[in-house]
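Below, each value reflects all heavy atoms present in this structure, side chains not excepted, and no hydrogens, waters or symmetry copies. Read the numbers this way: they start at 1 and go in the same order the structure lists the ligands and their atoms. This structure is a prediction, so every number in the text was calculated from the model and none was measured.
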Amino acid sequence: MDPSFSTLIRTASHEQHTEAETSTFMSDLLGGGLGVDAYARYTEQLWFVYAALEEGIERLADDPVAGPFVRPELLRLPELERDLTHLRGPGWRETVSALPATAVYAARIRECARTWPAGYVAHHYTRYLGDLSGGQIIRDKAERTWGFPRKGDGVRFYVFERVGNPAAFKREYRGLLDAIGVDELEKQRVVAECKVAFALNTGVFRALGEEFPAVAA
Ligand code: HEM
């Protein structure tokens with residue numbers, strides 16, 4: 001029997017997941033080798049990514065393919081803005097800047113959001129399902145490393161207040177992927193776009209790694 005679409009998309013991106021997870025920047029960040037400034041810079045990049053994911057969301061909510069994935073409990077932009085106020089101060093908007101790799105990533109999301117709803121789903125999956133999973137590991141490390149209050153300012157991005165049961169939510173999300181209203185060829189294109197999304201994330205990590213080399217132990 002053919003694997004379900006959710007299994008296909010997960011399996012297809014497995015290798016790149018490992019690459020993202022074990023990137024130098026992520027390893028250094030989670031290994032405690034970087035200062036809070038690197039974490040703040042990373043959070044800034046996430047703000048540009050989620051602005052691209054969430055700006056056109058009302059229009060996508062009515063789309064037959066992307067619409068079912070648009071869930072208000074996932075929205076991260078307000079949380080990122082609270083975190084940035086904490087990390088950079090109330091004037092953070094005046095100094096925030098996208099790395100070139102982040103600008104490329106955000107532009108690709110916007111292009112999909114505008115012209116290709118199924119491609120947007122690939123980007124949606126890559127970020128939100130990841131945040132609900134590995135994001136919790138990152139939050140835990142960040143709280144311990146830089147002393148943020150548990151689930152408080154600084155790590156609110158990782159806290160989905162309105163998702164009561166993340167495991168159940170992810171199951172439901174995979175059900176939505178399996179029920180996506182596109183043909184087989186389009187599914188292959190979505191899988192390919194998912195790989196693009198992972199590569200774009202890895203590109204941001206690479207750029208951050210260059211900006212923040214770990215302090216030798
Ligand atoms: C250090 C960083 C990371 C850690 C520790 C991590 C860890 C994990 C873990 C443990 C899961 C499994 C959850 C489950 O089986 O339900 C997972 C799933 C996932 N992660 Fe990550 N992850 C990291 C980085 C990333 C990045 C950078 C992305 C992409 C932007 C990503 C995207 C995903 C996605 C899409 C899933 C869901 C897979 C599926 O069930 O279909 N992760 N992650």
Side-chain angles (χ1 to χ4, degrees), residues 3-34 38-39 41-54 66 68-69 71 74 76 80 98-99 101-102 104-106 108-109 112 118-146 155 157-160 163-180 187 190-209 212 214:
S4 63
F5 184 48
S6 61
T7 304
L8 191 69
I9 204 165
R10 182 185 204 173
T11 316
S13 54
H14 184 257
E15 211 168 291
Q16 277 146 307
H17 185 274
T18 307
E19 199 183 324
E21 206 180 335
T22 56
S23 68
T24 306
F25 180 73
M26 257 304 143
S27 306
D28 290 346
L29 198 72
L30 300 185
L34 296 175
Y39 176 79
R41 190 80 174 110
Y42 173 46
T43 307
E44 288 184 354
Q45 304 314 299
L46 290 172
W47 181 72
F48 287 99
V49 171
Y50 285 82
L53 280 167
E54 295 178 6
F69 296 89
R71 307 280 291 264
L74 290 178
R76 298 290 85 201
L80 281 166
L99 289 161
T102 307
V104 170
Y105 183 11
R108 179 65 192 157
I109 295 171
C112 289
Y120 174 84
V121 171
H123 287 279
H124 192 277
Y125 161 80
T126 304
R127 282 301 337 175
Y128 294 105
L129 226 57
D131 299 332
L132 282 164
S133 314
Q136 302 316 302
I137 299 166
I138 301 176
R139 175 179 60 76
D140 183 62
K141 282 281 181 183
E143 288 167 0
R144 290 165 199 252
T145 308
W146 300 293
V155 292
F157 168 72
Y158 301 97
V159 184
F160 290 83
V163 177
N165 181 341
F169 190 94
K170 283 192 285 187
R171 262 198 309 279
E172 202 186 312
Y173 192 102
R174 290 189 190 109
L176 292 177
L177 285 172
D178 293 338
I180 195 169
K187 283 183 188 169
V190 173
V191 168
E193 188 64 23
C194 186
K195 292 184 183 182
V196 169
F198 269 92
L200 288 165
N201 276 280
T202 307
V204 174
F205 289 155
R206 194 175 308 119
L208 284 165
F212 296 96

(Q) Any side-chain to backbone donor/acceptor pair from Asp28 onto Gly33? Under 3.5 Å, distance only. (A) no
Q. Atom 21 (Fe) of ligand 1: which protein N, O or S atoms are under 2.8 Å away?
A. His17 NE2
Q. Would you say the ring centroid of His124 lies under 6.0 angstrom from that of Tyr173?
A. yes
**Q.** Protein heavy atom at shortest distance from atom 15 (O) of ligand 1
**A.** Arg10 NH2, 2.7 Å
Q.
Please work out, at 4.0 Å between heavy atoms, whether the side chain, the backbone, both, or neither of Leu30 comes within that distance of ligand 1.
A. side chain
(Q) For Phe160, does the six-membered ring have the charged nitrogen or CZ of Arg76 within the cation-pi criterion, i.e. under 6.0 angstrom from the centroid and within 45° of the normal? (A) yes
Q. Under a 4.0 Å N-O cut-off, is there an ion pair linking Arg144 with Asp140?
A. yes
Q: Kindly say whether Asp131 contributes a backbone atom to a donor-acceptor pair with the side chain of Gln136 at under 3.5 angstrom?
A: yes
Q: Do me a favour and list the nearest non-hydrogen protein atom to atom 28 (C) of ligand 1 with residue, atom name and distance?
A: Phe198 CE2, 3.8 Å
(Q) Has Ser13 got a side-chain atom pairing as donor or acceptor with Gln16's backbone, closer than 3.5 angstrom? (A) no
Q: Flag Tyr125 as yes when one of its N or O atoms lies below 3.5 Å from any N or O atom of ligand 1, and as no otherwise.
A: yes
Q: Mark up the atoms of ligand 1 that fall under 4.0 Å of a heavy atom belonging to Thr126, in ascending order.
A: 29 (C), 30 (C), 32 (C), 35 (C)
Q: Name the closest protein heavy atom to atom 16 (O) of ligand 1, giving the residue it belongs to and the distance to 0.1 Å.
A: Lys170 NZ, 2.9 Å
Q.
If you take the centroid of each ring, where Trp contributes its six-membered ring, are Phe157 and Tyr50 closer together than 6.0 Å?
A. yes
**Q.** Neighbour count >12 (heavy atoms, 6.0 Å) for atom CD, Glu15
**A.** no
Q) For ligand 1, which atoms have a heavy atom of Arg127 less than 4.0 angstrom away? A) 30 (C)
Q: Can you establish whether the number of heavy atoms outside Lys170 located under 6.0 Å from its atom NZ is more than 12?
A: yes
Q. Counting heavy atoms only, which part of Ile137 comes closer than 4.0 Å to ligand 1: side chain, backbone, both or neither?
A. side chain
**Q.** Protein contact of atom 40 (O) of ligand 1 - nearest heavy atom, named by residue and atom, plus distance
**A.** Arg174 NH2, 2.6 Å
Q: Work out whether the distance between some heavy atom of Phe205 and some atom of ligand 1 is less than 4.0 Å.
A: yes
Q) Does any N or O in the side chain of Glu193 come within less than 3.5 Å of the main-chain N or O of Gly119, such that one atom is a donor and the other an acceptor? A) no
Q.
So which atom in Asp178 and which in Ser4 form the shortest heavy-atom distance, rounded to 0.1 Å?
A. OD1-CB, 3.4 Å
Q) Any N/O of Ser6 closer than 3.5 Å to an N/O of ligand 1? A) no
